[in-house]
Enquirer: 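The structure that follows is given in the form of structure tokens.
We name chains A, B, ... by the order of the sequence lines, and we start the count at 1 in each one.
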2 protein chains.
Amino acid sequence: METLPDKTVERLSQYRRSLNNQLAKGKEHIFSHEIANLLHITSVQVRRDIMLIGYSGTLRKGYDIKELVHLIGVILDTDDGQKIAVIGMGNIGKGFIHYLYEKRSKLKIVAAFDINPEKIDKTYADVYCYHLDKLEEIIKKENIKIGIITTPPQVAPEIADKLANAGIKGILNYTPKPLSVPEDVYLEEYDMITSLEKVAYFVKEE
Amino acid sequence: METLPDKTVERLSQYRRSLNNQLAKGKEHIFSHEIANLLHITSVQVRRDIMLIGYSGTLRKGYDIKELVHLIGVILDTDDGQKIAVIGMGNIGKGFIHYLYEKRSKLKIVAAFDINPEKIDKTYADVYCYHLDKLEEIIKKENIKIGIITTPPQVAPEIADKLANAGIKGILNYTPKPLSVPEDVYLEEYDMITSLEKVAYFVKEE
DNA sequence: TTCCCATTGTTAAAATAATAACAATAATTT
DNA sequence: AAATTATTGTTATTATTTTAACAATGGGAA
Ligand SMILES: NC(=O)c1ccc[n+]([C@@H]2O[C@H](COP(=O)([O-])OP(=O)(O)OC[C@H]3O[C@@H](n4cnc5c(N)ncnc54)[C@H](O)[C@@H]3O)[C@@H](O)[C@H]2O)c1
Ligand SMILES: NC(=O)c1ccc[n+]([C@@H]2O[C@H](COP(=O)([O-])OP(=O)(O)OC[C@H]3O[C@@H](n4cnc5c(N)ncnc54)[C@H](O)[C@@H]3O)[C@@H](O)[C@H]2O)c1
């Protein structure tokens with residue numbers, strides 16, 4: 001399949017979560033406008049996204065939730081599940097690990113790294129925390145493909161370099177420091193302060 | 001000023017942070033392409049954003065950093081600084097408070113709320129944590145206008161209702177539960193798993 | 001049966017955002 | 001002093017994303 005629009009990919013992830021909730025409640029079919037209500041978007045957008053991934057519902061009955069969840073899985077997940085490392089076991093890093101723990105996601109955090117002796121050689125929700133020096137070794141051995149950076153911002157560029165060298169193919173950067181990565185590494189950055197200042201701006205404009 | 005594009009607002013916040021870094025390094029003027037490099041975007045975009053906020057640099061000398069930072073402040077900040085409350089003092093809530101602590105931002109977290117007795121009636125980086133029951137009272141008394149929700153997802157809708165009732169005008173929702181709010185409340189939602197699945201998708205597509 | 005109507009799937013249009021193009025101009029070089 | 005260069009500011013173009021429009025269809029009602 002040719003690559004899907006950025007925003008559609010984001011929504012698919014959200015559809016899946018909501019759909020799984022509905023499945024858990026015993027619902028088997030769902031209409032586009034129902035999905036739309038759950039996510040507070042429009043039903044047109046839902047239908048369009050579903051069209052783009054090549055699924056068809058049945059008229060008057062809507063979409064088969066199980067089938068749709070499965071298809072989203074085919075699109076978003078890899079066959080073997082992608083392995084993830086977290087670098088920086090502070091508030092955010094730990095939060096992430098605990099959050100993913102017990103989620104039945106195909107995405108698995110398999111290693112954590114830090115430099116603080118109090119944090120390393122311990123296990124957090126089944127994830128072992130290594131010293132940063134072991135980064136390359138473990139990433140290669142485990143064939144980890146994605147890294148989440150939750151260190152202090154100053155060291156983020158250095159961590160990004162190390163990750164790229166070790167063969168990581170995707171980085172999620174939670175520090176407010178913008179990073180440069182080689183062309184073949186996909187980079188997603190998120191800055192909480194930006195979100196907050198955005199809210200503040202639009203509140204002010206009312 | 002007519003409202004700026006969404007994305008421009010996000011970038012202004014980022015410009016300001018980078019510009020302050022440069023100021024701290026003793027730099028007084030900066031070119032559009034320098035700002036662009038810091039943020040890994042194009043210089044055209046920088047110039048366009050700066051045009052939109054009505055600032056002019058001087059040819060060959062670039063932008064006066066201090067002036068630009070000041071103007072971004074005029075746009076993003078309110079006169080008195082906006083007050084913020086955090087609901088849910090877990091990993092993310094605490095992280096946020098510590099992060100904003102000692103930042104010289106006009107945005108001030110002035111109260112936290114939780115229901116866990118171990119968390120309440122304590123102070124975290126100068127922010128006092130109240131029992132959730134006090135929410136409406138404190139928000140009204142302190143004239144808090146923005147709420148950050150970092151509770152478990154199940155209770156998020158209930159918290160959002162309480163916030164809206166108490167007169168909050170902007171909500172930043174970090175739980176994966178989509179919320180509904182009254183028309184006059186600005187809502188920004190962010191879901192870490194969505195970011196992660198997005199990275200995973202684009203890594204897979206390579 | 002025949003007609004309505006809810007709902008999908010798809011194409012078309014509009015809105016938003018990013019990029020390119022380029023004119024203007026002030027500093028620097030020749 | 002003329003030409004060159006670096007840089008801004010702005011308009012035009014292109015790309016992406018969202019929204020609207022509507023034809024198709026099959027279930028249920030009359
Ligand atoms: N931490 C992450 O990396 C991560 C990732 C994805 C999503 N999330 C989401 O972010 C949210 C917060 O995550 P976290 O790791 O900080 O969770 P956490 O469990 O550490 O913290 C939640 C806090 O909310 C409090 N709380 C519970 N019910 C409450 C109520 N009714 N009113 C007020 N406070 C209440 C709890 O006492 C606790 O202090 C969760 O919704 C989680 O799903 C977190
Ligand atoms: N927590 C928030 O709400 C929030 C908000 C905005 C931005 N941020 C950013 O997110 C990032 C993480 O925030 P946090 O609150 O989890 O920070 P934190 O200070 O709690 O955790 C940082 C962790 O990184 C480790 N570390 C330091 N240097 C390291 C290195 N070279 N290699 C590996 N690990 C190293 C530290 O030992 C610590 O465990 C920071 O960049 C922060 O600026 C956080």
Side-chain angles (χ1 to χ4, degrees), chain A residues 1-15 19 22 27-65 67-68 71-72 178 186-189 194 198 201-202 205, chain B residues 1-15 19 22 27-65 67-68 71-72 178 186-189 194 198 201-202 205:
Chain A
M1 182 183 308
E2 61 314 346
T3 23
L4 297 165
D6 229 72
K7 294 297 166 69
T8 296
V9 172
E10 289 181 16
R11 282 189 298 264
L12 286 178
S13 163
Q14 293 166 353
Y15 294 161
L19 290 171
Q22 298 302 306
K27 209 167 153 68
E28 298 192 345
H29 291 84
I30 196 165
F31 296 125
S32 60
H33 65 262
E34 291 178 298
I35 300 180
N37 286 341
L38 291 170
L39 276 89
H40 308 112
I41 57 178
T42 69
S43 64
V44 193
Q45 196 155 56
V46 172
R47 289 204 298 282
R48 210 171 183 294
D49 286 337
I50 290 177
M51 184 193 81
L52 288 175
I53 66 174
Y55 182 69
S56 287
T58 48
L59 208 47
R60 286 263 161 160
K61 215 173 167 190
Y63 303 98
D64 181 305
I65 301 183
E67 282 178 22
L68 187 48
L71 182 56
I72 293 177
Y186 181 89
L187 175 65
E188 172 88 7
E189 309 202 273
T194 295
K198 189 176 167 191
Y201 172 76
F202 286 108
E205 285 305 301
Chain B
M1 184 183 307
E2 64 311 347
T3 24
L4 297 165
D6 228 70
K7 293 297 165 70
T8 296
V9 172
E10 289 181 16
R11 281 190 298 265
L12 286 177
S13 163
Q14 293 165 354
Y15 295 160
L19 291 171
Q22 298 302 307
K27 209 167 153 68
E28 298 193 346
H29 291 84
I30 196 164
F31 297 124
S32 60
H33 67 261
E34 292 179 296
I35 301 180
N37 287 341
L38 291 170
L39 278 86
H40 307 112
I41 58 178
T42 68
S43 64
V44 193
Q45 195 155 58
V46 172
R47 289 203 298 281
R48 212 172 183 293
D49 286 336
I50 290 177
M51 182 193 82
L52 289 174
I53 67 173
Y55 182 69
S56 287
T58 47
L59 207 46
R60 286 265 162 158
K61 214 173 168 193
Y63 304 99
D64 181 306
I65 301 183
E67 280 179 22
L68 187 47
L71 182 55
I72 293 176
Y186 181 88
L187 175 65
E188 173 89 7
E189 309 203 274
T194 294
K198 188 176 169 191
Y201 172 77
F202 286 108
E205 286 305 302

Enquirer: Rounded to the nearest 0.5 Å, how far does CD1 of B/I30 lie from CG of B/L68?
Expert: 9.0 Å
Enquirer: Looking only at heavy atoms, what is the nearest atom pair of A/K27 and A/E34, with distance?
Expert: NZ-OE2, 3.1 Å
Enquirer: So which atom in B/H33 and which in B/S43 form the shortest heavy-atom distance, rounded to 0.1 Å?
Expert: CA-CB, 3.7 Å
Enquirer: In terms of side-chain heavy atoms of A/Y63, which of C/dT19, C/dG9, D/dT19 is nearest?
Expert: C/dG9
Enquirer: When the distance from CG of A/D49 to P of D/dT17 is rounded to whole Å, what number comes out?
Expert: 11 Å
Enquirer: Output the rounded distance in Å from NE2 (B/H40) to C1' (C/dA18).
Expert: 18 Å
Enquirer: Which of parallel (below 30°), tilted (30 to 60°) and perpendicular (above 60°) describes A/Y55 and A/Y63?
Expert: tilted
Enquirer: On DNA chain D, nearest-nucleotide positions of A/D6 versus B/I30: which is more 5'?
Expert: B/I30
Enquirer: Measure the distance from CG on A/L4 to P on D/dT16 and round it to the nearest whole Å.
Expert: 14 Å
Enquirer: Of the non-hydrogen atoms in A/L52 and A/L4, which two are nearest, and what is the gap between them?
Expert: O-CD2, 3.8 Å
Enquirer: Give B/S32 one of three labels, base, sugar-phosphate or nothing, depending on what nucleic acid heavy atoms sit under 4.0 Å from its own.
Expert: sugar-phosphate
Enquirer: May I have the distance from B/H29 (atom NE2) to D/dT8 (atom P), rounded to whole angstrom?
Expert: 12 Å
Enquirer: Can you build the contact string for nucleotides 21-30 of chain C? Use B for base contact, S for sugar-phosphate-only contact, and - for no protein heavy atom under 4.0 Å.
Expert: ----BBB---
Enquirer: In whole Å, what is the span from the NE2 atom of B/H33 to the P atom of C/dT19?
Expert: 18 Å
Enquirer: Check every atom of C/dA18, D/dT17, C/dT7 against the side chain of B/K7 and return the nucleotide holding the closest atom.
Expert: C/dA18
Enquirer: Regarding A/K7 and A/D49, does a basic nitrogen lie under 4.0 Å from an acidic carboxylate oxygen?
Expert: no
Enquirer: Without decimals, in angstroms, what is the distance between A/Y55 OH and C/dT10 C1'?
Expert: 18 Å
Enquirer: Can you name the closest pair of heavy atoms from A/T42 and A/A36 and give their distance?
Expert: C-CB, 3.5 Å
Enquirer: Hey, does the side chain of B/S56 come within less than 4.0 Å of D/dG9's phosphate (OP1/OP2), counting only N and O?
Expert: yes
Enquirer: Nearest whole Å is fine: how far is C/dT10 P from A/L52 CG?
Expert: 10 Å
Enquirer: Would the base of C/dT10 count as contacting A/R48 through its side chain, where contact means a donor and an acceptor less than 3.5 Å apart?
Expert: no
Enquirer: Take atom CG of A/L39 and atom P of D/dT18, then tell me their distance rounded to the nearest Å.
Expert: 13 Å
